[in-house]
Amino acid sequence: SAPGKQRNQNRSKSPKTQEALRVSSFAENSSADQRQACKKHELYVSFRDLGWQDWIIAPEGYAAYYCEGECAFPLNSYMNATNHAIVQTLVHFINPETVPKPCCAPTQLHAISVLYFDDSSNVILKKYRNMVVRACGCH
Amino acid sequence: NFSMDSEVHSSFIHRRLRSQERREMQREILSILGLPHRPRPHLHGKHNSAPMFMLDLYNAISNEDEDEGFSYPYKPIFTTQGPPLATLQDNNFLSGADTVMSFVNLVEHDKEFQSVQRHHREFRFDLSRIPEGEAVTAAEFRIYKDFIHERFENETFQISIYQVLPEHSDRDSQLFLLDSRVIWAAEEGWLVFDITATSNHWVLNPMHNLGLQLVLENVDGQSINPKIGGLIGRHGPQNKQPFMVAFFKATELHIRSIR
């Protein structure tokens, strides 16, 4: 909990400002710690580069994305932290040797459709679920 | 170290994969796609009718919500100068399909069979390699009908599609009428026949898959050569070849094994 003096100072500020400060403070700490917050990173899977254009008709590739980063306090709202992640972080603080930090992992996944030839030159249009990361978060 | 992380991140994105890494990546992605190996199609006919039809379908669904199944845009996919010849009346079951698959006709040559009684044309499709855990919800046989200049515009033909039934010891193979309709000589476009029940039967009993027979008759009930009626066969243009398309819905949840 914050000390009394600081709490009084913050009282005049709107909750949004406080949140902004907290984010800013976290950003500073992060850069100080030289760690990156849990977020989505771009990763394009190119079927063309894999040399599959002879059997995959469409798409040429797809933006798969992946999640990477540190899940540490404060777990801001943009990180989509679960309640469990907060508990996990607390327990990690208490016992860092044995309890790991929460994981930065996908919280929302989407499908892609792939159109391809099979061995018999028949054509298959199939929906593959959970292929594209839409959002990352701490679990 | 943040700068080091950045470099690693950056190099991870841009570095070209070594051949071994590339092979491993290919293996991993094939595994994600649920394929045992990289398919090696014999033909590269991306401009054949079936791949083009499927590509139209792909383009139609690619803008839709990816969480939903395919909703089948049941307008005539290959719009021609003429009016659409046929559409399925009820396409509700088509929406929500997980997989759509087209099948090439395996009959090597158009044998315009001219038995004593009648002309007919044969079609066969290999349904033995349908995706695992998928059930057929709908299936269609599609054949293109060209405009016939030599005929009167108001002349009509009757086109009938039969399922070939297995032979019994006491008789030759029999035919089971699936659908029959009247077409005008002046009409042009894709004819679509519902063969859902037949496809399900073939999936469950592969030995009974003896294909389809098409018979064209004039107004007097005499069988005529399908070519004369404008029905495109194997010798016709690539983008008008007859084919079969089936819609599947997953019957079970696929759980990837832990590796």
I need the [X] [atom1] to [Y] [atom2] distance, nearest 0.5 Å.
| X | Y | atom1 | atom2 | result |
| --- | --- | --- | --- | --- |
| A:Leu125 | B:Phe247 | CG | CZ | 9.0 Å |
| A:Lys127 | B:Asp98 | NZ | CG | 8.0 Å |
| A:Leu115 | B:Met54 | CG | CE | 5.5 Å |
| B:Ile29 | A:Ser46 | CD1 | OG | 9.0 Å |

Check your understanding: Crowded around A:Asn83 CG? As in, over 12 foreign heavy atoms under 6.0 Å?
Key ->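 Incorrect, the count does not exceed 12.
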**Study point:** Largest heavy-atom contact set with chain B, pairs under 4.5 Å, which of A:Val114, A:Ile124, A:Asp119
**Key:**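 The candidate making the most pairs under 4.5 Å is A:Asp119.
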Please find the pair of heavy atoms, one from [X] and one from [Y], that lie closest to each other, and give the distance.
| X | Y | value |
| --- | --- | --- |
| B:Met25 | A:Leu50 | CG-CD2, 3.9 Å |
| B:Asp126 | A:Asn122 | O-ND2, 4.1 Å |
| B:Leu55 | A:Ala58 | CD1-CB, 4.0 Å |

Heavy-atom distances under 4.5 Å only: say whether [X] touches chain A with side chain, backbone, both or neither.
| X | answer |
| --- | --- |
| B:Leu35 | side chain |
| B:Leu127 | neither |
| B:Arg23 | neither |

**Study point:** Interface residue of largest heavy-atom contact number with chain A, from B:His37, B:Arg38, B:Arg40, under 4.5 Å
**Key:**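 The residue among B:His37, B:Arg38, B:Arg40 with the greatest pair count is B:Arg38.
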Check your understanding: Which one of B:Met101, B:Gln26, B:Arg129 has the most heavy-atom pairs closer than 4.5 Å to chain A?
Key ->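 Answer, by heavy-atom pair count under 4.5 Å with chain A: B:Gln26.
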Review point. So, do A:Met131 and B:Leu33 sit near enough that their side-chain heavy atoms are less than 4.5 Å apart?
Key: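 A:Met131 reaches B:Leu33 side chain to side chain.
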Exercise for review: Report yes if some heavy atom in the side chain of A:Pro59 is under 4.5 Å from a heavy atom in the side chain of B:Tyr58; otherwise report no.
Suggested key: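 Counting from C-beta outward, A:Pro59 and B:Tyr58 do come under 4.5 Å.
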Review point. Measuring heavy-atom distances to chain B, does A:Val45 have an atom under 4.5 Å in its side chain, in its backbone, in both, or in neither?
Key: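 For A:Val45, side-chain heavy atoms alone lie under 4.5 Å from chain B.
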